[in-house]
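Worksheet: one structure, shown below.
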Amino acid sequence: MKVIPYGRQHITQEDLNAVNETLLSDFLTQGPKIAEFEKAFAEYIGCNYAVAVSNGTAALHLCALALDVNEKSNVITSPITFAASANCVRYCGGNVFFADIDPLTFTLDIKKVEELILSKPKGFFQGIIPVDFAGYAVNLEAFKKLANEHGLWIIEDACHAPGGYFTDSHQIKQFCGNSNFADLAIFSFHPVKHIACGEGGMITTNNEKLYQKLLLLRTHGITKDPEMLHENHGGWYYEMQTLGYNYRLTDFQAALGNSQLKRADEGLKRRREIAATYFEAFKNNLNITGQSGVVEGHAYHLYIIRTAKRKELYDFLRSKQIFCQVHYIPVHTMPYYHSLGNKKGDFPIAEKYYDECLSLPMYPTLTDEEQNYVIDHIIYFSHNNN
Ligand SMILES: Cc1ncc(COP(=O)(O)O)c(C=O)c1O
């Protein structure tokens with residue numbers, strides 16, 4: 001039996017053709033494929049602007065810069081996320097505050113966020129970074145209302161959730177990253193994500209001013225746009241107008257991303273089928289609680305179960321070539337964040353969740369046979385480990 005990982009990319013002949021074609025074209029980086037990918041992605045997500053960047057972490061960093069995060073900034077995020085959601089604030093010298101998660105959705109608990117905001121003087125916080133963890137779409141309408149009450153911005157970390165949505169108070173589907181309620185949203189195209197570029201990321205927004213800022217920041221703060229120049233010495237002339245970075249995506253990565261994007265809905269459909277099968281398999285199993293059941297709009301980057309015997313189950317499945325994963329070790333317990341004053345015990349719901357969570361294999365090319373093999377072993381384990 002070959003290893004069954006928790007996630008993996010799906011590369012087709014069409015993807016290979018798209019990359020090959022670009023490799024043989026005139027542009028390896030910043031050519032037409034970037035603009036094509038950005039346009040197609042913005043259409044898919046349902047927003048006005050998209051900026052392709054080198055990875056999801058760079059996307060977060062640029063968002064924090066565009067929103068002027070600095071040493072005086074205080075920003076709230078979830079402890080159950082990849083470290084990058086918090087680190088982007090630190091890159092700009094700002095302070096990260098965590099709030100506990102909701103025990104059912106494993107995403108930021110809005111009540112805890114509100115309590116945190118109210119526990120500090122007015123104007124103390126500048127922003128919130130909610131995470132569509134595992135593909136579960138956070139209700140950003142509610143977060144936007146809270147953010148407006150306190151004058152905060154929102155960066156939606158939608159790395160896990162392209163195609164995910166929640167239904168707003170007008171019964172309208174609000175797709176993750178459409179930026180109707182967030183100032184900016186970000187995605188990652190790491191291989192285990194819905195769309196793979198190798199490395200890659202995207203920022204989406206409806207705010208033209210932020211969009212223009214992001215374009216500058218992505219490429220050293222340099223512009224050649226005649227309308228933006230202070231002077232113009234000729235065709236070669238450019239100006240570095242702010243301190244930016246080289247966070248560009250290459251053209252052949254964009255070609256891969258664009259080709260993958262064409263199959264995004266197909267992949268999402270398969271992920272939802274896999275989730276429904278897991279849910280059916282475990283719903284009557286008393287020892288294992290599934291992740292909030294089958295949830296409409298969930299993008300299922302991950303399928304997470306909770307079990308009190310997580311380590312034993314992880315080791316047992318590994319011995320059967322099933323390589324599950326744990327998402328995530330709470331960020332506030334990392335030595336780096338501990339050194340900044342956070343400690344174990346601060347967020348008991350997140351910590352209990354971490355003690356019990358396990359991400360099962362979830363990717364579009366997982367076969368029924370492989371999934372049944374996973375399910376059978378989990379059920380066998382639970383019957384023999386009461
Ligand atoms: C929730 C979340 N945010 C941010 C990132 C960072 O993305 P990248 O790995 O593309 O830098 C990831 C990816 O691992 C993630 O899962």
Side-chain angles (χ1 to χ4, degrees), residues 5-9 37 41 50-65 69 75-92 96 98-99 101 105-108 127-138 140 143 154-164 176-177 182 184-204 214 218 245-250 253-254 256-257 260-261 271 291 298-304 325-332 334 336-337 350 353-354 357 359 362-363:
Y6 83 91
R8 65 162 292 139
Q9 71 276 17
F37 186 31
F41 195 82
V51 180
V53 291
S54 44
N55 54 62
T57 306
L60 282 161
H61 186 191
L62 291 192
C63 287
L65 286 168
V69 173
V75 177
I76 302 168
T77 193
S78 172
I80 297 298
T81 184
F82 185 60
S85 315
N87 293 349
C88 63
V89 176
R90 298 293 304 139
Y91 295 155
C92 302
V96 179
F98 299 98
I101 58 165
T105 67
F106 317 152
T107 59
L108 256 185
I128 315 175
I129 307 179
V131 181
D132 299 313
F133 173 63
Y136 181 92
V138 169
L140 285 185
F143 271 94
I154 294 177
I155 301 172
E156 177 187 11
D157 184 335
C159 280
H160 296 184
C176 295
L184 296 161
I186 69 107
F187 295 85
S188 161
F189 305 130
H190 177 273
V192 294
K193 302 294 195 296
H194 292 60
I195 293 165
C197 288
E199 299 284 353
M202 193 73 84
I203 307 169
T204 53
L214 291 165
R218 168 176 70 179
Y245 295 79
N246 177 355
Y247 280 166
R248 297 186 296 257
L249 189 70
T250 63
Q253 285 172 305
L256 177 56
Q260 295 246 317
L261 181 61
R271 285 175 184 273
Q291 190 203 6
H298 201 307
Y300 290 110
H301 163 53
L302 304 171
Y303 191 87
I304 298 164
Q325 190 50 282
V326 168
H327 297 93
Y328 290 95
I329 305 164
V331 182
H332 71 280
M334 290 288 158
Y336 173 74
Y337 282 98
Y353 160 82
Y354 164 63
C357 66
S359 304
M362 167 57 87
Y363 47 93

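Both ligands and their constituent atoms are indexed starting at 1 by order of listing.
Taking only nitrogen or oxygen atoms, main chain and side chain alike, G56 reaches within less than 3.5 Å of ligand 1. Polar contact check, E199 against ligand 1: no nitrogen or oxygen pair lies under 3.5 Å apart. The N/O atoms of H190, backbone and side chain alike, include none that comes under 3.5 Å of an N/O atom in ligand 1. Taking only nitrogen or oxygen atoms, main chain and side chain alike, T81 does not reach within less than 3.5 Å of ligand 1.
The option with the heavy atom closest to atom 9 (O) of ligand 1, from among A58, P191, S78, S188, is S188.
Partner of C63 under the side chain to side chain contact (heavy atoms under 4.5 Å, CB included) criterion, out of L184, V69, I129: L184 alone.
With ligand atoms numbered from 1 in the order given, ligand 1 contributes 12 (C), 13 (C), 14 (O), 16 (O) to contacts under 4.0 Å with heavy atoms of K193. Under a 4.0 Å criterion applied to the non-hydrogen atoms of S85, ligand 1 contributes the atoms 3 (N). The contact set between ligand 1 and Y328, taken as ligand atoms under 4.0 Å from a residue heavy atom, comprises 16 (O).
Taking the six-membered ring where the residue is Trp, Y247 and Y245 present parallel rings, their angle staying beneath 30° rather than reaching 60°. Ring planes of H160 and F133: tilted class, angle from 30 to 60°. Note on ring orientation: taking the six-membered ring where Trp is involved, the planes of F189 and F41 are perpendicular (angle over 60°, cut-offs 30° and 60°). The aromatic rings of H194 and H301 sit tilted, their planes meeting at an angle between 30° and 60°.
Ranking protein heavy atoms by distance to atom 11 (O) of ligand 1, first place goes to T57 OG1, 2.5 Å. Nearest non-hydrogen protein atom to atom 15 (C) of ligand 1 is F82 CB, 3.6 Å. For atom 16 (O) of ligand 1, the closest non-hydrogen atom of the protein is H160 NE2, 2.8 Å. Shortest contact from atom 3 (N) of ligand 1 to any protein heavy atom: D157 OD2, 2.7 Å.
Minimum heavy-atom separation, M362 to Y303: CE-CB, 3.9 Å. The minimum heavy-atom distance linking D132 with V138 is given by the pair OD1-N, 2.9 Å. Taking each heavy atom of I155 and A64 in turn, the nearest pair found is CD1-N, 4.1 Å.
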